[in-house]
Amino acid sequence: MVDDLLERVRRYEPVFWKNPYKMPAAEALNQAPLSLKDVEDAFHRMQRFAPFVKKAFPDAKYGIIESPLVPLPNSSELTRLVPSPFSGPLMLKEDNYLPVCGSVKARGGIYEVLWYAEQVATTEGLMKSLFETEKLYSEEARAVFAKYRLVVGSTGNLGMSIGIMGRAFGFRVQVHMSRDAKEWKKKMLRELGVEVIEHEGDYTSAVAKARAEAEGDPRAHFVDDERSMYLFLGYAVAALGLEAQLRRATDETGYGLKVYIPCGVGTAPGGIAFGLKALFGDRVEVYLAEPTHAPCMLLGLYTGKLDQTSIYEYGLDGVTAADGLAVSKPSTLVSPLARVLIDGVFTVPDQFMIDMVKWLWTTNQIKTEPSANAGFYGLHDRAIHLVWLTGGGMMPDEVFQSYLEMAKQ
Ligand SMILES: *Cc1c(COP(=O)(O)O)cnc(C)c1O
């Protein structure tokens, strides 16, 4: 028998897959190695670091790294642009405007740096209590942090979050960039004193290079996007902020909430989904968006092979304008959890993401990079819809202009 879904995936045709392995939220969460308590602890750690963040990044109000939730008023026009009919209120979570690094990585990446800084500061006796984070913004503390190194593999945005926050403490930072990484992201990091190493290979191989580089060095911390619980928890904290925003934004009951999030390796959308399901239970459905050229989570979940498969096995090239999503193999930590937690996965043509950069800008003056707006493509049914925008706020003007020119019409 010909497998219709795999055939369409092989031909780079967009697909929408409802996940038959999804369990009720409570059951799925039981299979996770983490709990809501861990998410709350992560939230408290972020709060403790607010005085540091406020000093280092004045654009983060009160030192809190959060983004607006806004309604998209002229959403009816969108029905022409997306494949399925949908209705109901539509909201945007603007992680493209997160302070510090302008992408969703400001949640996971930054949280992991804060966690590590706390470990080092405690070991080195830089704080008498965990609440003295303000003291870490000083020359003495920088001299101590400079003895330690953060190492990470990235398609661009994770490197930015680790690099920018890592350098704010004075850590040495080494970022291994995959071939997809954009020039402006490398340049910005180098200007901050980050060591940027460029690789010819894809994301998975850049991560492997970074892992090998950090191994055996007790003063190096490898930020592991395939397995890290810290990254995951940093993303999950988003659910706590959203809960309060949603209560303010909507008192509509009756329909469920459908959330659409772009997916690369799966740490960001998986962490957010975990937080949302822990807080809202089965009232929230979470759908992941992947480029037609790099649907690694879809393939991992659909075939049941999880991280033991890759897009290359299906003849796909992984070449996409959505650099943040150009990933060949899903996360080892997240894929088994996504299998029982996530409501569905859909794939998105590159041209749609590029066209949406222009549409969002011309209709609403919202600035995104192509990876960031893939979620729109999966809108379906009647619900309260929440499209998670994930990056682009820090794009230089000329790069943004080039996307506007690539868009149709
Ligand atoms: C990293 C990233 C994602 C997806 O996150 P993963 O953890 O790789 O799944 C989505 N959008 C943007 C803009 C990103 O940088």
Side-chain angles (χ1 to χ4, degrees), residues 67 93-98 100-112 152-164 175 177-178 180-182 185 202-204 206-207 223-236 238 259-275 286-291 294-298 300-301 307 318 320-335 337-338 342 345 348 353 356-357 360 366-377 387-395 399 403:
S67 74
K93 183 64 178 155
E94 295 189 315
D95 276 9
N96 52 321
Y97 294 144
L98 275 177
V100 182
C101 67
S103 86
V104 67
K105 303 296 191 301
R107 299 184 182 280
I110 283 174
Y111 177 68
E112 182 142 351
V152 66
S154 176
T155 63
N157 287 340
L158 185 60
M160 296 251 289
S161 72
I162 303 294
I164 294 172
V175 178
M177 289 291 199
S178 67
D180 320 277
K182 294 282 176 271
K185 295 180 183 175
D202 73 355
Y203 178 64
T204 304
V207 171
V223 177
D224 188 348
D225 202 11
E226 290 170 344
R227 292 186 183 78
S228 167
M229 303 238 185
Y230 306 111
L231 287 175
F232 185 86
L233 286 171
Y235 293 120
V259 180
Y260 309 86
I261 317 174
C263 177
V265 71
T267 319
I272 294 169
F274 177 82
V286 180
Y287 296 89
L288 308 188
E290 298 191 299
C296 65
M297 187 61 85
L298 172 69
L301 299 188
D307 66 338
T320 169
D323 45 306
L325 314 178
V327 174
S328 60
K329 179 172 90 84
S331 154
T332 304
L333 173 75
V334 174
S335 51
L337 187 58
I342 294 297
V345 187
V348 186
M353 294 182 260
M356 282 307 289
V357 171
L360 281 168
I366 296 170
K367 188 175 169 188
T368 58
E369 60 188 87
S371 305
N373 55 50
F376 285 105
Y377 203 72
V387 174
W388 211 286
L389 300 179
T390 48
M394 282 174 62
M395 232 180 326
V399 177
Y403 287 127

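As the structure lists them, so they are numbered: ligands from 1, and atoms in each ligand from 1.
The protein atom (non-hydrogen) at minimum distance from atom 8 (O) of ligand 1 is Val265 N, 3.0 Å. Looking only at protein heavy atoms, the nearest one to atom 1 (C) of ligand 1 is Lys105 NZ, 1.3 Å. Atom 4 (C) of ligand 1 has Gly264 N, 3.5 Å as its closest protein atom, hydrogens excluded (heavy atom only).
In this pair, Tyr230 and Tyr111 present their aromatic rings tilted. The plane angle is within the 30 to 60° band.
The Ser371 neighbourhood of ligand 1 comprises atoms 13 (C), with distances under 4.0 Å to a heavy atom of that residue. With ligand atoms numbered from 1 in the order given, ligand 1 contributes 10 (C), 11 (N), 12 (C), 13 (C) to contacts under 4.0 Å with heavy atoms of Thr390. Distances below 4.0 Å separate heavy atoms of Cys263 from the following atoms of ligand 1: 9 (O).
You'll find the side chain of Leu360 reaches within 4.5 Å of the side chain of Leu389, heavy atoms only.
Under the 3.5 Å distance criterion, with hydrogens and angles disregarded, no donor-acceptor pair is assigned to the side chains of Asn96 and Lys367. Side-chain contact of Thr267 with Asp225: a donor-acceptor pair under 3.5 Å is present, judged by distance alone.
Atom 10 (C) of ligand 1 has its nearest heavy-atom neighbour, among Val334, Ile272, Leu325, in Leu325. Selection from Pro262, Gly266, Gly102, Ala268 by nearest heavy atom to atom 9 (O) of ligand 1 gives Gly266.
Not one N or O on the side chain of Glu112 forms a donor-acceptor pair closer than 3.5 Å with the backbone of Val223. One N or O on the side chain of Lys93 and one on the backbone of Ser67 form a donor-acceptor pair closer than 3.5 Å.
Results of the side chain to side chain contact (heavy atoms under 4.5 Å, CB included) test with Glu226 over Leu333, Thr204, Val334 single out Thr204 as the only residue that passes.
With a heavy-atom cut-off of 4.0 Å, Val327 does not touch ligand 1 at all. When non-hydrogen atoms are compared, ligand 1 lies under 4.0 Å from the side chain of Asn157 (C-beta onward) but not from its backbone.
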